[in-house]
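These numbers were taken from a predicted model, which means no experiment stands behind them.
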Amino acid sequence: PDFFDAQKFPTLSFTSTSVQAKDANTLNVTGNMTIHGVTKTITIPVSVLGTVKTPKGEKAGFGADFTIDRKDYGIQWNRVLDTGGTMLGNDVKISVSVEANQQTVPDTMKKGG
């Protein structure tokens, strides 16, 4: 309860609002990150790791490593050590790996279909 308060806030989420190519291998994904009941708009650099064709369709791999400040999301808990420093830093490093399956659009949803 002192830190994440998982009983009250059992999930964190990220919902993308835009994706722009930075270069051939990197996407800037902007969206809303919600942690501890606080939502902030952030941009995450996402690496495009590649695609592969499988018997069940095409797959793509993506990865992201980024840092947030926990205090931006209302996570204030800390403890002062006997040596005078604090137990926790403010930076939280987040790593995400995604394997995505290509989806086909049903004919009824295609433009003019």
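- Residues D72 and V38 come closest through the heavy atom pair O-CG1, 3.6 Å.
- Looking only at distances, no side-chain donor or acceptor of R70 sits under 3.5 Å from a matching main-chain atom of V92.
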Show me, pair by pair, the donor-acceptor contacts under 3.5 angstrom made by side chains of residues 17-25, not counting sequence neighbours?
{"residue": "T17", "atom": "OG1", "partner": "T30", "partner atom": "O", "Å": "3.2"}
{"residue": "D23", "atom": "OD1", "partner": "N25", "partner atom": "N", "Å": "2.8"}
{"residue": "D23", "atom": "OD1", "partner": "T26", "partner atom": "N", "Å": "2.9"}
{"residue": "D23", "atom": "OD1", "partner": "T26", "partner atom": "OG1", "Å": "3.2"}

Q) Where do Y73 and H36 land on the ring pair (Phe, Tyr, Trp, His ring centres under 6.0 Å) test, with the steps shown first? A) CA-CA 6 Å; Y73 296 88; H36 206 247; 9.4 Å; no
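- For A100 against F62, the heavy-atom pair with the smallest separation is CB-CE1, 4.3 Å.
- Rounding to the nearest 0.5 Å gives a distance of 8.5 Å between CG of L27 and OG of S47.
- Applying the salt bridge (Lys or Arg N to Asp or Glu O under 4.0 Å) test to every pair with at least one member in residues 58-67, sequence neighbours left out, gives these pairs: K59-E99.
- Note: the hydrophobic cluster containing V46 also contains F14 (ILVMFWY, side chain heavy atoms under 4.5 Å, direct or indirect links).
- The side-chain hydrogen bond (donor to acceptor under 3.5 Å, both in side chains) check on N32 picks up T41, with sequence neighbours excluded.
- With values rounded to the nearest 0.5 angstrom, Q102 atom CD is found 15.5 Å from K56 atom NZ.
- Within the model, atoms CG of D69 and CG of N90 stand 5.0 Å from one another, a figure rounded to the nearest 0.5 Å.
- Residues satisfying the side-chain hydrogen bond (donor to acceptor under 3.5 Å, both in side chains) test with T39, not counting sequence neighbours, are T34.
- Linking ILVMFWY residues whenever their side-chain heavy atoms come closer than 4.5 Å, directly or via other members, places V48 and V29 in the same cluster.
- Evaluation of the side chain to side chain contact (heavy atoms under 4.5 Å, CB included) rule for F66 yields M33, I42, I44, A64, I68, I94, V96 as partners, not counting sequence neighbours.
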